[in-house]
Number of protein chains: 2
Amino acid sequence: MPTAKKDVIAGVFDNLRRVIQAVHGYSNRAQRVGGLTGPQLWAIKVLSEAAPTRVSDLARRMYLHPSTVVGILDRLESKGLAARYRSAEDHRVVDVKLTVKGKAIVDRSPAVAQGLLLQGLEGLSGRELRVVSEGLELLVGILGAQRVPPQLLFSPEVNLPQTGDGPGKR
Amino acid sequence: MPTAKKDVIAGVFDNLRRVIQAVHGYSNRAQRVGGLTGPQLWAIKVLSEAAPTRVSDLARRMYLHPSTVVGILDRLESKGLAARYRSAEDHRVVDVKLTVKGKAIVDRSPAVAQGLLLQGLEGLSGRELRVVSEGLELLVGILGAQRVPPQLLFSPEVNLPQTGDGPGKR
DNA sequence: TACCAATCATTGGCATAGCAATTATAATCG
DNA sequence: CGATTATAATTGCTATGCCAATGATTGGTA
């Protein structure tokens with residue numbers, strides 16, 4: 001019983017892994033709603049909230065690497081749910097929008113993959129929700145302390161070659 | 001304005017993604033210790049605790065699909081860190097063991113990535129730690145992930161107690 | 001004994017995910 | 001004005017991760 005703190009930490013590890021596994025497996029379980037995968041649903045959700053969006057913007061909003069988003073967009077486009085348009089002002093930029101079909105899917109699946117989590121969070125009391133929120137912020141602080149500030153997660157500055165204390169590779 | 005709760009929930013989503021990305025990217029940040037990825041390190045860690053292990057057992061301990069583990073083992077074997085042996089009693093079974101080289105790596109990377117999280121958690125006050133713990137438990141409850149057996153986590157040091165439902169508040 | 005169902009590892013296919021390098025375009029500097 | 005630099009999206013490569021077969025083996029059963 002003097003190891004109370006250690007036990008709590010062990011529990012945090014366990015639960016963190018559970019949460020990650022759950023969220024991961026959740027969105028990864030191919031073919032969820034309407035033959036869409038989790039990230040695909042997530043993408044059209046983000047697009048429905050803020051479109052048109054440039055690719056890099058979408059990546060930032062999804063906390064994903066741009067190249068990852070390109071693949072997701074390829075699949076959405078081949079399904080006829082999203083469309084890409086070269087920007088007129090800046091020809092480097094590609095604007096992404098939902099098609100009518102894509103919008104229909106968003107409307108038809110209001111909560112999508114995160115629905116369960118969203119519902120659950122909404123069902124919490126104010127105090128419980130605050131606990132969850134604060135707990136996650138502490139975790140983010142810990143993980144971000146030696147790593148990446150959240151907002152810059154995938155900005156170019158962070159994409160450096162990992163030379164921190166690298167024992168000469170390559 | 002009911003926006004308060006909604007904003008908090010949105011923040012929870014963001015932070016959850018950040019945490020997952022951090023833990024994920026952490027282990028993925030190519031070639032961390034000795035040119036190994038996170039899952040590879042995790043695998044040899046598990047192997048160092050319970051070897052020889054059959055493939056399906058390893059998969060179970062890592063909460064991964066056997067076919068996923070096969071790929072990881074292929075890469076470990078090609079690096080000369082693990083070895084597969086057809087079982088003598090049951091020819092369907094493949095036993096996996098670490099090589100000397102593999103064992104050396106485990107010894108050389110005691111805490112790896114999770115050590116930093118562990119450090120950070122230990123640096124929290126009792127109240128903060130309790131908030132993190134309770135928040136995660138609420139999340140686990142929502143996600144229904146409680147059914148995922150905890151057992152092995154990242155490192156063996158943190159992996160002990162788990163006495164049934166002991167410290168559970170829930 | 002010959003068949004049959006269960007088990008185990010593996011393979012192949014698809015999707016996500018990240019980084020490095022490439023291409024195209026824009027902005028800036030000499 | 002031309003060359004360099006910076007930015008945006010994409011491609012190529014590697015690695016997870018899941019599922020659905022496949023092949024091999026085992027154990028049980030008619």
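Here is how names work: the chains are called A, B, and so on, in the same order as the sequence lines, proteins then strands, and each is numbered from 1.
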Exercise. For D57(B), enumerate each residue passing the salt bridge (Lys or Arg N to Asp or Glu O under 4.0 Å) test, keeping only those at least two apart in sequence or located in another chain.
Key: R60(B), R61(B)
Exercise. Calculate the interatomic distance between L81(A) atom CG and dA15(C) atom P; express it in whole Å.
Key: 13 Å
Exercise. Among dT16(D), dT11(D), dA15(C), find the nucleotide with the atom closest to the side chain of T37(B).
Key: dT16(D)
Quiz item: Nearest to the side chain of T68(A) - dA17(C), dT16(D), dA9(D)?
Solution: dA17(C)
Self-check item: d(CH2, W42(A); P, dA17(C)) in whole Å
Solution: 7 Å
Quiz item: Rounded to the nearest Å, what distance is computed from the NE2 atom of residue H65(A) to the P atom of nucleotide dA21(C)?
Solution: 12 Å
Practice problem: For G71(A) and for V93(A), find the nucleotide of DNA chain D with the closest heavy atom, then tell me which residue's nucleotide is more 5'. | Solution: V93(A)
Acceptor/donor pairs from residues 94-101 of chain B side chains to any protein atom, 3.5 angstrom cut, sequence neighbours excluded:
unit_1: T99(B); atom_1: OG1; unit_2: G80(B); atom_2: O; d: 2.7
unit_1: T99(B); atom_1: OG1; unit_2: L81(B); atom_2: O; d: 3.2
unit_1: T99(B); atom_1: OG1; unit_2: K101(B); atom_2: N; d: 3.4
unit_1: T99(B); atom_1: OG1; unit_2: G102(B); atom_2: N; d: 3.1
unit_1: K101(B); atom_1: NZ; unit_2: K79(B); atom_2: O; d: 3.3

Quiz item: Atom CG of D74(A) and atom P of dA9(D): how far apart are they, to the nearest Å?
Solution: 14 Å
Exercise. Identify which nucleotide among dC18(D), dT16(D), dA9(D) has an atom closest to any side-chain atom of S67(B), counting heavy atoms from C-beta outward.
Key: dC18(D)
Exercise. Taking salt bridge (Lys or Arg N to Asp or Glu O under 4.0 Å) as the test, write out the residues that go with R130(A), two or more places apart.
Key: none
Quiz item: What integer distance in Å separates L76(B):CG from dA15(D):P?
Solution: 11 Å
Quiz item: Looking for any heavy atom pair under 4.0 Å, which part of the strands does S56(B) touch: base, sugar-phosphate only, or nothing?
Solution: sugar-phosphate
Practice problem: Taking the side chain as every heavy atom from C-beta outward, state whether K103(A) and V106(A) have any atom pair closer than 4.5 Å. | Solution: no
Quiz item: Where the side chain of R54(B) is defined as all heavy atoms beyond and including C-beta, which of dT16(D), dA9(C), dT11(D) is the nearest nucleotide?
Solution: dA9(C)
Exercise. Sort and list the pairs that fulfil side chain to side chain donor-acceptor pair (under 3.5 Å) and have at least one residue in residues 81-90 of chain B, not counting sequence neighbours.
Key: D74(B)-R84(B), E77(B)-R84(B), D90(B)-R92(B)
Quiz item: How close or far is atom C1' of dT16(D) from atom CD of Q40(B), stated in whole angstroms?
Solution: 10 Å
Quiz prompt | Listed partners of R127(B) passing salt bridge (Lys or Arg N to Asp or Glu O under 4.0 Å), at least two apart | solution = E134(A)
Quiz item: Roughly, in whole Å, what's the span from CZ in R75(B) to P in dT14(D)?
Solution: 11 Å
Self-check item: Side-chain heavy atoms of I72(A) within contact of L64(A), under 4.5 Å
Solution: yes
Quiz item: Once you round it to whole Å, what is the distance between P of dT11(C) and CD1 of I72(B)?
Solution: 15 Å
Self-check item: Protein-to-nucleotide contact annotation, 5' to 3' order, nucleotides 22-28 of chain C [B base; S sugar-phosphate only; - none; under 4.0 Å, heavy atom]
Solution: --BBS--
